[in-house]
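Only this structure's heavy atoms are used, side chains among them; waters, hydrogens and symmetry mates stay out.
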Amino acid sequence: METFKIKFYPGNQSRMIVPYRQLKKFQAIKEIQYGPIHSPVETLVHDKDSETLYISSRLKGTLNLHKSSSFTVKLHKERCTFLLAMGIFTAGFSGNHFLTDERAPIFKQICKAGEKMGMQALIFGHQHIDPDKTHIHAFYFEKGSWKQGHFPIPKVIYNRIPNRKTEHHPEVILAKSVLEEQAVLFNNNFFNKWEIYQCLMKDPACSFLVPETILHPSGKKIETMLQKYNVYIKPIHGSRGNGIIKCRMLPAGELECHYYLENKPQVNRYEKLAAFFQQHFPNGLEGYIAQQEIDLVQKRKSPLDFRVHVNKNHRNSWEVPLICAKFAGKGSLTTHVKRGGKVLLVEEIFGEAEGQKLKKRLESMALLVAGMIEKNYTETIGEIGIDFGIDKEGRVWLFEVNSKPGYSVFQHSKLQEQAETVLAYPFQFAFYLTNLQERVNRA
């Protein structure tokens, strides 16, 4: 790989003029790649210098290049790739070693998906930002192993901080402020559940999807809700099923509650609601929501819901690259895989014809929700994970909207085959954001 200056010249053919001294390297090139865009190219030579590639105006438009710049160029067989970098900001590093937890394999797949798009993933944490605040010591995957190198801070950074606790760590907050001065960060924060519910409930096109949801509920309000249906109590800033309590009134008048304590399922019964509130919410329910439970359709005697991944492409449009079904684990409050849930293809449960119909319906709902969130949210969002449920009457309900959807769905062998396609979308959006910056800077 070498770095060349790129300059443009007027021309109606898709041509690239390369230095005469570099002809041997470029003579086999018949195709050029810039992010997700590919174009045939005719290669000519010049003898001005050995560091400049001249691109015709026709090829410039095809590739969506916006200004003269420098690019690292990768030559492989008949293809010339103008490499772009996307930063991935995360946490959990030990010293100068790459991650050793369950995320390592998925990050490897992300890197490979980027490589096929002519983009390099640079993975780093707050401790890898140089004191000069312009460079990072980032990890990258090359030739079967993780390596670490010194790079300028990329123009676009994908935030994959793994949880809310880490997101609020002072060093992470400081690092984000440094990065935001030089780059565009997308999916930069976890969603606030209540803000999302408010957006949905205010929009007539989406409000019908939301179960009854109460912010900072009083004990009296929860008691009223329990007279009509079972109730989930959730922390506003919770994720992955943490902190959820399911409540239901038994025929004898007792309150039965299901929750997790140190990842172990618990069941308690209370003769009086006051005893429940005293044990679980001695300081009140500030920071929680109470939500109606939906009587979900069941298959194989287990309730199920549906995960829909919605991603921005390189044209800044939403697409749905993945839809799957999730079964709740035995005794679990949620369908999260880490709680014993199981992932299946929609077609495995409903058959090919019915499954395709259902997926189209969920896709249209997901695109509706994504568009609404984008319209009402000020931050840059390129990826959303949406959990839908369907009740026994066939009505679709929205349960969760996640700005950092997990990748446990790829444990299913058939969905694993789709992983590379899904994981390439952040690179597509990064490509769009990179070119958007270049257009703005040029203007």
Side-chain angles (χ1 to χ4, degrees), residues 191-202 206-261 263-298 302-306 326-336 339-341 386-402:
F191 287 144
N192 176 304
K193 284 185 174 66
W194 181 247
E195 288 179 1
I196 295 297
Y197 290 134
Q198 280 188 308
C199 288
L200 287 162
M201 288 187 287
K202 287 177 183 176
C206 298
S207 58
F208 68 96
L209 292 168
V210 186
E212 183 183 359
T213 305
I214 307 296
L215 176 66
H216 312 318
S218 64
K220 187 67 177 175
K221 186 60 183 177
I222 289 178
E223 184 177 2
T224 301
M225 292 175 74
L226 284 166
Q227 291 171 5
K228 297 184 286 182
Y229 34 64
N230 300 339
V231 174
Y232 281 99
I233 301 174
K234 306 177 181 181
I236 293 172
H237 297 292
S239 61
R240 300 179 183 176
N242 294 321
I244 292 178
I245 300 178
K246 176 185 173 181
C247 304
R248 70 182 184 118
M249 295 299 296
L250 300 176
E254 289 182 307
L255 176 69
E256 182 178 271
C257 301
H258 296 250
Y259 60 99
Y260 284 93
L261 184 63
N263 288 324
K264 293 181 180 178
Q266 310 287 321
V267 181
N268 283 354
R269 291 184 180 180
Y270 303 85
E271 291 185 5
K272 296 183 178 180
L273 281 174
F276 162 71
F277 291 122
Q278 182 58 40
Q279 179 178 340
H280 292 276
F281 305 101
N283 299 315
L285 285 141
E286 185 80 17
Y288 287 83
I289 58 173
Q291 189 173 76
Q292 162 193 3
E293 183 192 32
I294 304 301
D295 190 12
L296 293 174
V297 64
Q298 296 191 3
S302 292
L304 70 152
D305 62 21
F306 304 87
K326 299 183 297 174
F327 278 109
K330 187 176 181 181
S332 176
L333 301 183
T334 70
T335 59
H336 291 89
R339 301 287 196 197
I386 306 176
D387 290 332
F388 289 109
I390 297 179
D391 66 23
K392 292 179 178 177
E393 296 179 354
R395 180 175 171 180
V396 175
W397 297 88
L398 185 145
F399 294 147
E400 294 280 354
V401 179
N402 305 289

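Rounded to the nearest 0.5 Å, atoms CG (Leu209) and CG (Leu200) are 7.0 Å apart. Atoms CD1 and OH, on Ile245 and Tyr232 in that order, are 12.5 Å from each other to the nearest 0.5 Å. Atom CG of Asp387 is separated from atom CG of Leu398 by 8.0 Å, given to the nearest 0.5 angstrom. Distance check: Lys220 NZ to Ile222 CD1 gives 12.5 Å after rounding to the nearest 0.5 Å. With values rounded to the nearest 0.5 angstrom, Ile390 atom CD1 is found 7.5 Å from Leu304 atom CG. Asn402 CG to Ile196 CD1: the interatomic distance, rounded to the nearest 0.5 Å, is 9.5 Å.
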Please output the side-chain donor-acceptor pairs of residues 290-298 that fall under 3.5 Å, not counting sequence neighbours, one pair per line with the distance.
unit_1	atom_1	unit_2	atom_2	d
Gln291	OE1	Lys234	NZ	2.9
Gln291	NE2	Tyr197	OH	3.0
Gln291	NE2	Thr213	OG1	3.1
Gln292	OE1	Glu212	N	3.1
Glu293	OE1	Asn230	ND2	2.6
Glu293	OE2	Lys246	NZ	3.1
Asp295	OD1	Lys392	NZ	3.4

Compile the donor-acceptor pairs under 3.5 Å between side chains in residues 279-289 and protein atoms, sequence neighbours left out, one pair per line.
unit_1	atom_1	unit_2	atom_2	d
Gln279	OE1	Tyr270	OH	2.8
His280	NE2	Tyr270	OH	2.9

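Contact detail for Glu256 and His258: the closest heavy-atom pair is OE2-NE2, 2.9 Å. Annotation for Asp391 and Trp397: closest pair OD2-NE1, 3.0 Å, computed over non-hydrogen atoms. Of all the heavy atoms in Trp194 and Ile236, the pair that sits closest is N-CG2, 4.0 Å. Considering every non-hydrogen atom in both Ser302 and Phe327, the closest pair reads CB-CD2, 3.6 Å. Nearest heavy-atom pair, Cys247 versus Phe276, reported as atom, atom and distance to 0.1 Å: SG-CZ, 3.7 Å.
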### Message
Quick one, Leu273 with Leu226, criterion side-chain contact (heavy atoms from CB on, under 4.5 Å). Give me CA distance, side-chain angles, the key distance, then yes/no.
### Response
CA-CA 11 Å; Leu273 281 174; Leu226 284 166; 4.1 Å; yes

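In this structure, Glu400 and Lys193 have side chains that are in contact, with non-hydrogen atoms separated by less than 4.5 Å.
Panel note: side chain Arg395, backbone Phe208; a donor-acceptor pair is recorded below 3.5 Å.
Applying the 6.0 Å contact sphere to CD of Gln227 captures more than 12 heavy atoms from other residues, nucleotides or ligands.
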